[in-house]
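Beneath this line is the structure, given in structure tokens, with notes to follow.
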Amino acid sequence: MRYRQAIALLALIGLFVALYLWLHALGFGGPIKCGTGGCETVQASPYAVLFGVPVALYGVVGYVTILVVALVALRPAALPDGRWSVRLVVLSSVGVLFTAYLTYLEFFVIHAICRWCVGSAVSITAIWIVSLFSLRSPAIRTDRGASPPPQDQRA
Amino acid sequence: MNRFYVVLACLAVVLAVGTFTMLKSGGGAPAAATGAPPTVVDDGFRGYSLGSGDAPVEITEYLDFECPVCASFAIIQMPTIKEQLINTGKARWRYRDFPLPNHRYSRFAAHAAQCAGAQGRFFEMHDQLFYNHQWAQTGKDPSRLFRDLARAAGVELTAYDQCMKDGRYAQRIEFSRQEGDQVLVDGTPTFFANGKQLKFRRLPTSDDFKAVVDSIIASSRARR
């Protein structure tokens, strides 16, 4: 349960990082708050748009999905179900691969580092690591030996 | 479990407020570049000029970037003037700022052009501001649009942002405006040919300037 809670909190942080970058890409606010010119260079590069959509929007959608799945997986009925952990691993793996591609572009193609992108990369990597741990440890122990014996229905 | 949802909700509120604050504080035209400076210092700058330094005629244009007539002149007449007079070496064109007080963002636009000029992109920014002049009709804060125009003009935005934030050329623009007052500029665009104010009954055309320049060249030849 703790792992899924941690995933939800990390997804929320990642969501707002991606949301800020997406709103900036849509024209809200002025210069991006970055500290260096790296964010501007990255946002202005042709790689900031993928299939006509700002890359940050993929991040928003991805983090919302992970957040929703994590919250659904925290329902009492879903806690013993290990398949929710597998779903979180799959989702975060897709996110990590996408982030790895974007980080590669920043380092080797654009030659600029956006601190917000680094923040998002840290979030999704942490989610991925936590999701792997959650895979190894079931949300609730379902050890049959520890369950109370069935009650005798006879009068 | 309940405590977790309280933490999640608190985190969401903090992050939402933080995002909203960053977006809000990031926008807006910096006051230093929008208003008149408290003091004015002559930095020796006398406007960006287009054309040969040896041209016999210098036309000085006092302009306001928010002025629609200036935009119309820049778009319709200047291409022909460049072709007939500037590129042929007959005239040199000098731009001076004369932001009118009734135009909210004219100083800001002039400042954007100066910050672009600091990177050798004044004329590109001048064209961007006039060829995309819809900003002057909306009354909306154009700071975001100007950044896009600066980017399109080939301006490096980190230095541009700092220049605009500092209001680095506010005094230069005000000096130009005061200079315009001294030479009796009473509207925009106002033109001078070799220091003498040109009076037109209507917005001058490229033909009018060709006639003025040819006349000055002919009279200087006759004097020799």
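So that the names make sense, note that chain A is the first sequence line, chain B the second, and so on, each numbered from 1. All values derive from a computational prediction rather than experimental measurement.
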Legend entry - Over 12 non-hydrogen atoms of neighbours within 6.0 angstrom of CH2 in B/W135: yes
Legend entry - A/L74/B/Y5 under side-chain contact (heavy atoms from CB on, under 4.5 Å): CA gap, chis, key distance, verdict: CA-CA 11 Å; A/L74 279 167; B/Y5 288 111; 3.9 Å; yes
Legend entry - Over 12 foreign heavy atoms within 6.0 Å of OH, A/Y104: no
Legend entry - Toward chain B, the part of A/I13 with a non-hydrogen atom under 4.5 Å: both
Inset, instruction - Would you indicate whether B/D54, at its atom CG, is surrounded by more than 12 heavy atoms from other residues, nucleotides or ligands within a distance under 6.0 Å? - result: no
Legend entry - CZ-CZ distance between A/R2 and B/F4, expressed to the nearest 0.5 angstrom: 10.0 Å
Legend entry - Pairwise distance CG(B/L8) to CG(A/L67) - rounded to 0.5 angstrom: 6.5 Å
Legend entry - Residues in residues 89-98 of chain A that sit under 4.5 Å from chain B, counting heavy atoms only: none
Legend entry - Rounded distance (nearest 0.5 Å) linking atom CH2 of A/W22 with atom OG1 of B/T19: 13.0 Å
Inset, instruction - To the nearest 0.5 Å, tell me how far B/M22 CE sits from A/F16 CZ. - result: 10.5 Å
Inset, instruction - Can you establish whether the number of heavy atoms outside B/R104 located under 6.0 Å from its atom CZ is more than 12? - result: no
Legend entry - Proximal component of B/A16, with respect to chain A [non-hydrogen, under 4.5 Å]: both
Inset, instruction - Just jot down the ring-ring contact (aromatic ring centres under 6.0 Å, His included) partners of B/Y62, sequence neighbours excluded, or say none. - result: B/F192
Inset, instruction - Step through the shown structure and confirm whether more than 12 heavy atoms of other residues, nucleotides or ligands are within 6.0 Å of OH on B/Y131. - result: yes
Inset, instruction - Please name the pair of heavy atoms, one in A/H24 and one in B/R144, separated by the smallest distance, quoted to 0.1 Å. - result: O-NH2, 3.2 Å
Legend entry - Separation of A/L19 CG from B/L15 CG (nearest 0.5 Å): 10.0 Å
